[in-house]
Amino acid sequence: MYLFARRLLGRPGGLLAAVAFVFIPYHLVDLYVRGACPEFLAFAFPPLILWGLDKLMTTRRARYVPLVALAYAGLVLTHIQVAVMFSPVIGGYILLLWVMHAREASRSGRRELVRWLGLPALAIIWGLVLSATFLLPVVVEQRLLTSEPLTGGFFDFHQHFVTISQLL
């Protein structure tokens, strides 16, 4: 988080963001109350992915592709739900960086414009390939899974709303 925030906010802002990110109450509850170690570990990857994408798109050097790919694969392999929720953020950040630098890329020519989006796409695809040992069974065997025991009965969220009389 420090590396990512330092680029945007400077050294003091990066340090503050890193400390806030480490001590955010949700992370502490995840680790010490819920004991959700995979989810806790997964939160290390989003800032690394965003920092890698920022470096990849601003420097246009392919050496950041493996970093982003490994970080994205790590996110998918540690906690798929966090990866699903964070993937649109990754796409939006790539689009934001592309829009911010589109003028510069368009002056460089069409080939450079494709490279701006090609390298991040390559990194994300490579990350998905690296995590295929987990993703392929999830996709192929989806029809064999049932979520009723996890969403029905006691776990049905409709049964846990407070009524007006209970509220008053």
Requested in this report: Taking side-chain contact (heavy atoms from CB on, under 4.5 Å) as the test, write out the residues that go with Val138, two or more places apart.
Outcome: Phe134, Gln142

Requested in this report: Could you pull out all residues at least two apart from Ser165 that satisfy side-chain contact (heavy atoms from CB on, under 4.5 Å)?
Outcome: Thr163

Query raised in the report: With hydrophobic residues grouped by side-chain heavy-atom distances under 4.5 Å, do Leu119 and Met100 end up in a single group?
Result: yes

Report task. Examine Val29 and Leu41 and state if one hydrophobic cluster contains both, with Ile, Leu, Val, Met, Phe, Trp and Tyr joined whenever side-chain heavy atoms are less than 4.5 Å apart. Result -> no

Query raised in the report: Same cluster for Leu95 and Phe86 if Ile/Leu/Val/Met/Phe/Trp/Tyr side chains link at under 4.5 Å?
Result: yes

Report task. For the residue pair Tyr26 and Phe43, establish whether any side-chain heavy-atom pair is separated by less than 4.5 Å. Result -> yes

**Report entry** Closest heavy-atom pair and its distance - Gly127, Ala73
**Finding:** O-CB, 3.4 Å

Requested in this report: Sorted by first residue and then second, give each side-chain hydrogen bond (donor to acceptor under 3.5 Å, both in side chains) pair with at least one member in residues 118-135; sequence neighbours left out.
Outcome: none

Query raised in the report: Could you give all pairs that pass the side-chain hydrogen bond (donor to acceptor under 3.5 Å, both in side chains) test and reach residues 3-19, with sequence neighbours left out?
Result: Arg7-Asp54

**Report entry** side-chain hydrogen bond (donor to acceptor under 3.5 Å, both in side chains) contacts in which one or both residues fall within residues 63-72, not counting sequence neighbours
**Finding:** Tyr72-Ser87

Report summary line: Heavy atoms of Ala5 and Ala17 approach each other most closely as CB-CB, 3.5 Å

Requested in this report: For Phe45 and Ala71, work out which heavy atoms get closest and say how close.
Outcome: CD2-O, 3.5 Å

Query raised in the report: Side chains of Leu48 and Leu70: does their closest heavy-atom pair fall under 4.5 Å?
Result: no

**Report entry** Residues in side-chain contact (heavy atoms from CB on, under 4.5 Å) contact with Ala42, at least two apart in sequence or another chain
**Finding:** Leu75, Thr78, His79, Val82

Query raised in the report: Given Val19 and Tyr2, is the side-chain contact (heavy atoms from CB on, under 4.5 Å) satisfied, shown in steps?
Result: CA-CA 8 Å; Val19 169; Tyr2 173 74; over 6 Å; no

Requested in this report: Please answer: with hydrophobic residues joined when any side-chain heavy atoms are less than 4.5 Å apart, are Val99 and Leu96 in the same cluster?
Outcome: yes

Query raised in the report: Out of curiosity, Ile125 CD1 to Leu130 CG, how far, rounded to the nearest 0.5 Å?
Result: 12.0 Å

Requested in this report: Provide the full list of salt bridge (charged side-chain N to carboxylate O under 4.0 Å, His left out) pairs with a residue in residues 34-50, sequence neighbours left out, each pair given once.
Outcome: Asp30-Arg34, Arg34-Glu39

Report summary line: Leu53 meets the side-chain contact (heavy atoms from CB on, under 4.5 Å) criterion, sequence neighbours left out, with Ile49, Leu56, Val68, Ile90, Tyr93, Ile94, Pro120

Query raised in the report: For Leu28, which fellow cluster members are found when Ile, Leu, Val, Met, Phe, Trp and Tyr are connected by side-chain heavy-atom distances below 4.5 angstrom, either directly or through intermediates?
Result: Leu31, Tyr32, Phe40

Query raised in the report: Going by side-chain heavy atoms closer than 4.5 Å, which hydrophobic residues are tied to Val140, directly or by a chain of links?
Result: none

Query raised in the report: Are the side chains of Leu135 and Ile80 in touch, meaning some heavy atoms are under 4.5 Å apart?
Result: yes

